[in-house]
Amino acid sequence: MIELQYYLSNLPDGLIYGLLAMGIYISLRILDIPDLTTEGSFGFGAVVSVLVSLQGHPVLALFAGILAGAFAGVITGCLQTKLKVHPVLAGIITMSGLYSINLVCYSLTEKGATTNLSYDKNTVFEKVKELLGIRGQYETSVVKAVVSLGIVILVLCIIVWFFRTHIGLCVRATGDNPDMVSASSINVDRTKIIGLMIANALIGLAGAMASQSLGYSDINTANGTLIYGLAAVIIGEAILGKRGPAIGVLSAVLGSVLYKLIVAFVIRQNLFGEKSANLMKFTCALIVAITLAIPAIKQKAAESKQRKAAR
Amino acid sequence: MLEIQNITKVFEKGTVNEHVAIKDMSLSLKKGEFVTVVGSNGAGKSTLFNAICGSFMVDGGKILLDNEDITYKSEHKRAREIGRVFQDPMKGTAPHMTIEENLALAYTRSQRHANPFSSAITKKKTAFFRENLARYHMGIEDRMKTKIGLLSGGQRQVVTLLMCTLSVPKLLLLDEHTAALDPATAEKVMEITKTIVAENNITTMMITHNLKQSLSTGSRTIMLDSGEIILDVSGKERENMSMEDLIQMYSMKKQKEFDNDRILLSSEE
């Protein structure tokens with residue numbers, strides 16, 4: 001029972017970070033752009049969310065997080081398209097710039113200069129608990145999981161619907177063959193910006209929800225989100241394969257939940273010794289590197305086999 | 001229909017690599033005219049197409065399409081009225097998207113004011129696409145949900161051609177669109193091209209390296225060299241022209257250049 005509770009307590013985070021994975025799936029797989037804005041937009045979503053929540057509007061804070069992320073995405077998009085900055089550099093520029101902006105945001109309250117802010121129970125999850133009169137650690141996990149699941153399903157539906165609309169089709173084609181999109185009288189710059197805006201809006205929402213789930217927002221919560229998202233996308237693809245955008249975003253969420261559970265398992269069992277938790281980012285990088293290398297390794301193996309057979 | 005007035009394009013201006021790609025070129029096309037364009041590599045054929053499509057802005061001169069000045073219009077806005085098919089079958093289609101998705105996207109050109117959040121693919125549209133594909137007996141119409149990357153080069157070119165002409169453009173530019181195909185397929189794609197152009201009376205320019213084809217297709221032939229039009233024939237004069245005449249004209253021009261070079265080199269001694 002304690003085991004089950006332990007893994008259940010990791011489920012909400014898996015779902016929330018699934019939104020982040022969806023965002024990364026959209027920029028990486030659909031738009032075919034390596035977007036490094038992630039840690040900036042995630043942190044921006046988190047700090048904007050805590051500021052709005054402290055005014056007593058935790059639900060509105062989620063929308064604020066979406067807007068914050070979308071804003072970051074538009075900046076990166078404009079840098080890439082209008083100003084012709086290399087996509088990787090454009091992301092790095094926005095991310096670095098946002099770090100300072102986030103710091104400024106943290107010192108906006110009467111507390112003065114600080115790098116973290118507590119929600120003081122002004123979170124969506126606390127409100128739901130209050131509404132239902134629920135207490136206790138186990139129950140809290142259940143409430144968090146249900147609320148997160150609801151929001152993730154809602155967002156999933158919206159994204160799937162979006163990619164079936166005309167503008168969604170244009171965004172997809174932009175990642176596949178931009179020349180053809182332009183030849184079809186569609187403004188490629190605009191579709192790229194829209195795509196990056198949506199991707200980072202999801203990441204901003206993930207930042208807002210993740211910090212609400214924690215109960216506080218810290219400048220460092222965003223660290224490692226990019227590699228986490230990549231790992232989630234890749235694990236998702238390993239399970240469901242590379243198919244259309246609908247299966248794609250779903251697989252990203254699935255990958256995120258699974259990854260979170262794997263991490264929970266590793267830490268629980270102390271697979272890497274006493275300090276397993278410290279090696280999480282390394283594990284993450286290892287998973288991503290190995291999975292990305294598999295096609296090349298397979299090819300090398302096939303080639304050497306062929307060479308041997310020829311002899 | 002298309003009016004090109006004294007356009008010039010110089011690449012890498014002011015550097016040692018300065019290269020005049022188009023030199024003070026003028027050209028006028030009547031509605032429904034089918035012009036074949038010939039010339040050696042580097043003559044400026046593709047540069048001319050790029051200038052018309054708006055891949056870059058010309059350094060001087062004017063381009064008018066149907067009496068509208070498009071010299072400074074952006075590429076995607078010009079694409080509403082100009083269809084273009086490239087030599088490379090990969091270039092005109094999105095490989096990871098289905099045939100119907102590709103067609104639906106290209107069909108945007110006719111639906112400029114449609115709601116962006118409307119369904120991309122409707123039954124009505126699919127039926128319309130199928131009907132049009134079925135006419136060319138390439139066996140594509142039953143594979144609407146197939147990813148375009150799985151089609152053969154010839155099939156992809158036919159789909160691209162349809163994508164460019166389903167909403168009829170004012171001008172169609174064919175950039176050696178059959179050059180990468182095997183002879184039989186090339187012929188079939190050429191037949192389909194002729195049918196589509198004739199049915200819709202589309203003003204067309206086609207680049208080709210096949211001199212025989214350049215005289216047998218369309219109603220007018222122009223030859224480019226070093227960014228200039230060195231030959232422009234139509235009507236009776238063209239009918240009486242043979243492939244040998246074309247080659248001769250071309251080598252005459254080249255011979256002259258060669259002589260010039262020789263004079264230049266010998267004078268340096």
Side-chain angles (χ1 to χ4, degrees), chain A residues 25-33 77-78 81-84 157-195 197-198 201 233 237 240-249 251, chain B residues 49-50 53-55 73-86 88-98 100-122 125 145 147-149 156 159-161 163-164 166-167 169 172-173 175:
Chain A
Y25 178 86
I26 290 172
S27 58
L28 186 74
R29 290 293 189 231
I30 295 184
L31 282 173
D32 198 21
I33 294 172
C78 287
T81 56
K82 306 286 180 205
L83 302 174
K84 312 270 178 230
C157 290
I158 294 173
I159 295 295
V160 169
W161 165 80
F162 173 78
F163 282 116
R164 284 187 180 177
T165 63
H166 184 261
I167 181 76
L169 192 71
C170 295
V171 171
R172 282 177 58 204
T174 303
D176 209 7
N177 184 349
D179 288 339
M180 170 258 195
V181 175
S182 184
S184 302
S185 80
I186 297 154
N187 189 340
V188 179
D189 287 358
R190 196 187 303 160
T191 49
K192 256 187 203 163
I193 295 171
I194 291 173
M197 182 183 84
I198 293 171
V233 167
E237 273 174 354
L240 291 181
K242 285 186 187 179
R243 281 184 272 179
I247 301 289
V249 282
S251 74
Chain B
F49 275 21
N50 284 336
C53 285
S55 306
K73 244 182 164 182
S74 66
E75 190 174 9
H76 70 268
K77 279 188 184 143
R78 291 190 208 192
R80 281 177 202 148
E81 310 291 359
I82 302 175
R84 187 176 187 180
V85 186
F86 292 93
D88 182 358
M90 307 292 160
K91 231 170 168 177
T93 47
H96 297 103
M97 290 166 67
T98 65
E100 61 181 359
E101 283 169 343
N102 270 278
L103 284 162
L105 194 89
Y107 203 54
T108 315
R109 294 159 75 237
S110 70
Q111 303 176 312
R112 228 190 298 168
H113 302 294
N115 174 7
F117 295 108
S118 60
S119 240
I121 290 158
T122 57
K125 270 193 217 167
K145 298 219 184 291
K147 291 202 172 127
I148 273 214
R156 278 180 87 158
V159 175
T160 311
L161 204 57
M163 282 165 62
C164 289
L166 265 185
S167 96
L172 180 63
L173 301 177
D175 195 342

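Proteins get letters first, then strands, A, B, ... in listed order; numbering begins at 1 in each. Only heavy atoms go into these numbers, but all of them, side chains included; no hydrogens, no water, no symmetry mates.
In this structure, the portion of Met90(B) lying under 4.5 Å from any heavy atom of chain A is its backbone and not its side chain. Contact annotation for Arg80(B): both backbone and side-chain heavy atoms come within less than 4.5 Å of a heavy atom of chain A. Interface remark: Phe163(A) contributes no atoms to any contact with chain B (heavy atom separation under 4.5 Å). Of the two parts of Ala183(A), only the backbone, made up of N, CA, C and O, holds a non-hydrogen atom closer than 4.5 Å to a non-hydrogen atom of chain B.
In terms of heavy atoms, Ser184(A) sits closest to Ala106(B) at OG-CA, 3.6 Å. The two atoms that bring Ser185(A) and Ala79(B) nearest to each other are N-CB, 3.6 Å, heavy atoms only. The shortest non-hydrogen separation linking Ala94(B) to Asn177(A) is CA-CB, 4.0 Å.
Highest contact tally toward chain A, considering only Glu81(B), Glu101(B), Lys147(B), Arg84(B), is held by Glu101(B) [criterion: heavy-atom pairs under 4.5 Å]. When each of Ser74(B), Ser167(B), Gly92(B) is scored by its heavy-atom pairs under 4.5 Å with chain A, the top score falls to Gly92(B). With respect to chain A, the highest number of heavy-atom pairs below 4.5 Å among Cys53(B), Ser118(B), Cys164(B) belongs to Ser118(B).
With a 4.5 Å cut-off on side-chain heavy atoms, Leu105(B) and Arg172(A) do not count as touching. Met97(B) is listed as a side-chain neighbour of Leu169(A), based on a closest heavy-atom distance under 4.5 Å.
The backbone N or O of Lys91(B) sits nowhere less than 3.5 Å from a side-chain atom of Asp179(A) that would complete a donor-acceptor pair.
Using a 30° and 60° split on the angle between ring planes, Trp161(A) and Phe117(B) fall in the parallel class, below 30°.
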- Message: side chain to side chain contact (heavy atoms under 4.5 Å, CB included) for Asp189(A) and His76(B)? Distances and angles first, verdict last.
- Response: CA-CA 10 Å; Asp189(A) 287 358; His76(B) 70 268; over 6 Å; no

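Crowding of Arg190(A) atom CZ: a count of heavy atoms from other residues, nucleotides or ligands under 6.0 Å not exceeding 12.
Between Thr160(B) atom OG1 and Met180(A) atom CE the span is 8.5 Å, to the nearest 0.5 Å. Of the inter-residue distances, the one linking Ile186(A) atom CD1 with Lys77(B) atom NZ reads 14.0 Å to the nearest 0.5 angstrom.
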